[in-house]
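Please read these numbers as outputs of a predicted model, since none were measured by experiment. Here is the naming used below: chain letters follow the sequence lines, and residue numbers restart at 1 for every chain.
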2 protein chains.
Amino acid sequence: MPYIPTGNLTPLPDEHPCATCPVRPITICRGLDAPTLAGMRSLGTMQRLKPEQSVFHEGDPAKRVFMVTNGSLKLYTLLADGRRQITGFMFPGDFLGVSIDEEYAFTVEALEDTELWWFSREAFDRFISEHPQVERELYRLAAHELAEAQRQMVLLGRKAAAERLASFFLSLLERNERASGVQETNFDLPMSRIDIADYLGLTKETVSRMLAHLRNRGLIRLQAQDRVQILDRIGLRSMAEGESAEVGE
Amino acid sequence: MPYIPTGNLTPLPDEHPCATCPVRPITICRGLDAPTLAGMRSLGTMQRLKPEQSVFHEGDPAKRVFMVTNGSLKLYTLLADGRRQITGFMFPGDFLGVSIDEEYAFTVEALEDTELWWFSREAFDRFISEHPQVERELYRLAAHELAEAQRQMVLLGRKAAAERLASFFLSLLERNERASGVQETNFDLPMSRIDIADYLGLTKETVSRMLAHLRNRGLIRLQAQDRVQILDRIGLRSMAEGESAEVGE
DNA sequence: CGAAATTTTGAGACCCGTCAAGCGGAGTGG
DNA sequence: CCACTCCGCTTGACGGGTCTCAAAATTTCG
């Protein structure tokens with residue numbers, strides 16, 4: 001059997017209806033304003049998740065809309081042979097909607113103890129029609145999501161392994177800073193090495209090696225297995241953008 | 001200088017303002033209904049482009065909204081050293097908007113003789129407020145774009161070279177079929193091999209080799225340098241999804 | 001028809017995937 | 001408190017798919 005460049009295969013569920021379903025789900029992150037959030041919450045239902053518990057699976061009918069209030073989740077798609085691509089992570093404040101009734105195109109699964117609110121498509125539509133400005137906000141958020149997706153395409157298509165990990169760390173750091181509003185030097189890694197690998201299009205072994213590489217260059221430090229400290233933000237940035245290729249090994 | 005896994009470097013423009021601009025542009029494709037299109041067109045200005053002529057560059061202020069009526073274009077982002085990732089192609093009927101005044105996060109360039117309509121952000125906003133249903137349509141279209149971006153992430157992160165090319169061909173074929181409304185077996189390739197490579201995260205040489213591979217397997221035929229005929233759609237599909245790994249060499 | 005550009009083909013190198021073993025922290029039981 | 005197990009992470013050796021470099025073949029276009 002020929003080489004398939006994508007280790008760490010995920011065990012497939014007994015049956016999963018992937019293939020050519022016309023997909024419409026959309027992830028929307030970071031940005032609904034406080035009154036909007038409060039209004040939505042009053043219509044919703046709170047749900048707590050344990051690690052590895054899933055919110056829905058690829059192929060499920062897309063009937064609900066979600067908002068994360070605590071914890072974190074991963075979104076992923078599986079290929080027929082178990083190869084997995086994580087297309088995004090969700091954190092508190094992130095929003096996951098769908099535009100029309102279709103099927104979810106990915107699975108969403110909690111990384112840790114997580115709290116989210118869901119509401120039905122109908123309740124959501126009703127809310128929208130009572131809050132017309134929300135439609136525009138949704139569009140704005142979707143645009144932001146799309147810009148992020150484009151950055152990820154650049155990462156997956158054109159960056160070397162070390163550059164991918166550096167980019168990933170910077171985006172986690174900056175996300176934390178946007179959330180807290182202050183400069184940070186540390187952040188948590190709620191996801192496993194395999195999750196990081198499946199997000200960056202690598203294997204867990206390569207992630208581990210690149211972690212060592214960044215550490216040896218003095219760019220980062222691991223305060224714990226799942227907590228990163230940035231030692232040289234400038235250096236990490238130039239590695240992320242591929243500019244440190246010149247610097248002597 | 002160490003290995004950078006991404007050949008065919010693009011000559012960089014003398015200066016280009018990339019880096020950490022907060023981006024918001026959004027591509028929206030395939031779907032505004034006829035009256036909407038007509039209404040938009042009445043407010044817009046037609047523009048003709050020659051091959052390689054660009055509509056705007058990464059970093060330009062995002063003041064306009066575009067709609068393609070003829071021809072095709074590519075959207076791409078450059079890294080500092082000239083590595084390029086094409087994040088999408090645009091065809092007639094496709095729409096390129098931005099949600100708020102920011103900078104474009106990518107460059108858009110014509111592949112062939114192309115005709116498009118543009119209008120100012122203000123005119124677009126005015127149009128939106130006169131056609132409230134458009135906002136929802138935009139959101140729906142954005143969701144569709146995002147789903148496509150997620151599929152591309154799976155392709156870039158987890159598919160082998162032959163699978164990428166097979167997936168690409170199928171998506172071009174299906175796009176043609178959606179546009180024409182009938183089953184097709186042929187389609188044009190308005191983009192160069194380098195463009196295909198930069199879209200699929202490969203090099204032009206690998207694209208060429210995989211082309212030969214698909215041809216040798218009897219899956220496709222090249223009617224011309226830039227026109228593909230599908231000989232075995234089922235086989236191409238299973239190659240795209242990575243299922244033909246089992247089949248004998 | 002000839003020059004330039006693009007595409008294809010070939011040979012060799014390399015990053016990263018694969019496979020396997022070793023390490024270390026967390027939880028459990030004695 | 002320590003031995004033991006489990007499981008995720010790290011490290012090492014090796015091979016392979018794809019990149020790089022180069023040249024031939026083909027197409028484009030004046």
note: B:Arg164, atom CZ; D:dT18, atom P; distance rounded to Å ~ 8 Å
What does the list of N/O pairs under 3.5 Å between the protein and nucleotides 7-11 of chain D look like, with a distance for each?
{"unit_1": "D:dC9", "atom_1": "OP1", "unit_2": "A:Arg193", "atom_2": "N", "d": "3.3"}
{"unit_1": "D:dC9", "atom_1": "OP2", "unit_2": "A:Arg193", "atom_2": "N", "d": "3.4"}
{"unit_1": "D:dC9", "atom_1": "O3'", "unit_2": "A:Gln225", "atom_2": "OE1", "d": "3.3"}
{"unit_1": "D:dT10", "atom_1": "OP1", "unit_2": "A:Arg193", "atom_2": "NH2", "d": "3.3"}
{"unit_1": "D:dT10", "atom_1": "OP2", "unit_2": "A:Arg193", "atom_2": "NE", "d": "2.9"}
{"unit_1": "D:dT10", "atom_1": "OP2", "unit_2": "A:Ser208", "atom_2": "OG", "d": "2.5"}
{"unit_1": "D:dT10", "atom_1": "O5'", "unit_2": "A:Ser208", "atom_2": "OG", "d": "2.8"}

Do A:Thr185 and A:Gln229 have side-chain atoms, one donor and one acceptor, less than 3.5 Å apart? no
Separation of atom CG in B:Leu111 from atom P in C:dT6, rounded to whole Å: 14 Å
Sequence neighbours excluded, the answer for side-chain contact (heavy atoms from CB on, under 4.5 Å) partners of A:Arg233 is A:Leu170, A:Leu173, A:Glu174, A:Glu177, A:Gln183, A:Ile230
Could you check whether A:Tyr104 and A:Glu58, counting side-chain N and O atoms only, form a donor-acceptor pair closer than 3.5 Å? no
Taking CG from B:Asp195 and P from C:dA5, how many angstroms apart are they, rounded to a whole number? 17 Å
When the distance from CZ of A:Arg158 to C1' of C:dC15 is rounded to whole Å, what number comes out? 15 Å
Has the side chain of A:Arg215 got a donor or acceptor atom that lies under 3.5 Å from a matching backbone atom of A:Ile220? no
Rounded to whole angstrom units, what separation is found between the CZ atom of B:Arg227 and the P atom of D:dT27? 17 Å
Please report the distance, rounded to the nearest Å, between CG in B:Leu165 and P in D:dG17. 17 Å
Partner residues of B:Ala162 under the side-chain contact (heavy atoms from CB on, under 4.5 Å) criterion, sequence neighbours left out: B:Met210, B:His213, B:Met239
Specify the separation, in whole Å, of atom CE of A:Met210 and atom C1' of C:dC15. 8 Å
Under a 3.5 Å threshold, yes or no: a donor from one side chain and an acceptor from the other, between B:Glu163 and B:Ser167? no
Between B:Asn216 (CG) and C:dT8 (C1'), how many Å, whole number? 13 Å
